[in-house]
Protein chains: 2
Amino acid sequence: MSERELRRNLAILPIGTIRELTLLTDRQIRYYEQNELISPTRGKGGQRRFSLNDVDRLLEIKDFLDAGDSIKDIQEIFAKQRRKAVGKQDSESALRRSLQKEFAQIGRFDR
Amino acid sequence: MSERELRRNLAILPIGTIRELTLLTDRQIRYYEQNELISPTRGKGGQRRFSLNDVDRLLEIKDFLDAGDSIKDIQEIFAKQRRKAVGKQDSESALRRSLQKEFAQIGRFDR
DNA sequence: GTATCATGTTATATAACCTAACATATATTC
DNA sequence: GAATATATGTTAGGTTATATAACATGATAC
């Protein structure tokens with residue numbers, strides 16, 4: 001994972017900021033968490049900490065709901081996205097492995 | 001100014017997050033603000049909101065202090081940096097105007 | 001027309017943050 | 001070396017933000 005992706009996944013934002021950035025209510029944000037559409041971490045005192053990715057995801061949720069999708073629909077959409085991402089990851093690591101083989105091959109020429 | 005720079009200037013982080021990211025104490029952070037080394041905005045209820053740039057700047061301050069510079073030294077260092085940035089800034093006045101619009105937008109969240 | 005869904009609202013408790021004041025160790029100045 | 005300045009610690013008291021849980025409600029689906 002790139003440094004940029006790491007940064008986007010840093011859970012550093014309190015719910016108040018999320019409320020302002022997404023124009024959702026606390027109630028909505030917590031309800032979506034309850035339905036596992038987002039998974040903010042918790043700070044020392046038990047308060048939620050969100051990442052910039054959570055912001056994106058909440059804006060997506062908003063759009064889907066506006067478009068008439070239900071929470072369950074959105075759960076499935078996200079599940080599909082995850083499955084796709086896993087495939088990508090797999091094919092990437094396969095690619096990396098085959099590249100390593102190639103380089104190992106090439107490396108031999110250098111001896 | 002790029003969208004990325006805009007994002008870095010978004011004041012969205014509470015002091016607790018800053019404390020964790022910089023390993024400074026609240027006291028230090030507020031003291032540096034008092035000495036105008038940083039200028040966090042305030043949310044509706046009067047609490048400080050910091051940007052990612054503030055985090056960078058605080059880490060710089062930390063380094064300068066560790067290196068033996070005084071607060072006043074650092075004020076001057078930052079003042080010099082600003083003067084250097086002025087020429088650049090002038091050539092970006094149109095973009096600055098759009099930045100102000102963005103901040104006005106953000107300000108609205110606090111009402 | 002009843003059940004479900006997404007959200008609003010309210011109450012109550014805890015956590016986070018605020019300012020201001022006083023304390024202190026270290027370095028600086030006279 | 002006593003007085004001053006600097007950067008930070010600590011404490012107190014008050015306010016704001018967030019937490020959970022429960023009950024309420026308009027809209028939609030069946």
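Every chain is numbered from 1, with letters handed out A, B, ... down the list of sequences. This structure is a prediction, so every number in the text was calculated from the model and none was measured.
Residue B:Asp73 contributes atom CG, which lies 11 Å from atom P of C:dT28 at whole-angstrom precision. Rounded to a whole Å, the CG atom of A:Leu13 is 16 Å from the P atom of C:dA16. When rounded to the nearest whole Å, the span between CD1 of A:Ile29 and C1' of D:dT20 equals 16 Å. Between the NZ atom of B:Lys72 and the P atom of D:dA5 there is a distance of 10 Å, given to the nearest Å. Remark: P of D:dA7 and CG of B:Asp69 are 11 Å apart, rounded to the nearest angstrom. Whole-Å rounding puts the A:Glu33 CD to C:dT7 C1' distance at 16 Å. B:Gln28 places its CD atom 17 Å from the P atom of D:dT6, with the value rounded to the nearest Å. For the pair A:Phe64 CZ and C:dA6 P, the interatomic distance rounds to 14 Å; values are reported in whole Å.
Contact between the side-chain N/O atoms of B:Tyr31 and the OP1/OP2 oxygens of D:dG9 is not found at any separation under 4.0 Å. Listed pair A:Tyr32 / C:dA6 fails the phosphate criterion, with no side-chain N or O lying under 4.0 Å from OP1 or OP2.
Using a 4.5 Å heavy-atom threshold, the side chains of B:Leu24 and B:Ile61 count as separate. Residues B:Asp73 and B:Phe64 have side chains not in contact (no heavy-atom distance under 4.5 Å, counting atoms from C-beta outward). B:Tyr32 has its side chain within reach of B:Ile71: a pair of non-hydrogen atoms, C-beta onward, lies under 4.5 Å apart. A 4.5 Å side-chain heavy-atom check between B:Gln81 and B:Glu60 finds at least one atom pair inside the cut-off.
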Tabulate atom names and distances for all N/O pairs under 3.5 angstrom spanning the protein and nucleotides 17-19 of chain D.
from, atom 1, to, atom 2, distance (Å)
D:dA17, OP1, B:Gly45, N, 3.2
D:dT18, OP1, A:Gly16, N, 2.9
D:dT18, OP2, A:Arg19, NH2, 3.0
D:dA19, OP1, A:Arg48, N, 2.6
D:dA19, OP1, A:Arg48, NH1, 3.0
D:dA19, OP2, A:Arg30, NE, 3.4
D:dA19, OP2, A:Arg30, NH2, 3.0
D:dA19, OP2, A:Arg48, NH1, 3.3
D:dA19, O5', A:Arg48, NH1, 3.3
D:dA19, O3', A:Arg42, NH1, 3.4

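Partners of A:Arg48 according to the side chain to side chain donor-acceptor pair (under 3.5 Å) rule, which considers only residues two or more places apart in sequence or in another chain, are A:Glu33.
Position along DNA chain D of the nearest nucleotide to B:Asn35 versus A:Arg27 favours B:Asn35 as the more 5'-ward residue.
Stacking of A:Arg57 on the aromatic ring of A:Phe78 is recorded, both the 6.0 Å distance cut-off and the 45° axial limit being met.
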CA sep, side-chain torsions, deciding dist, call: B:Ile15, B:Gln47, side chain to side chain contact (heavy atoms under 4.5 Å, CB included): CA-CA 8 Å; B:Ile15 198 168; B:Gln47 305 197 346; over 6 Å; no
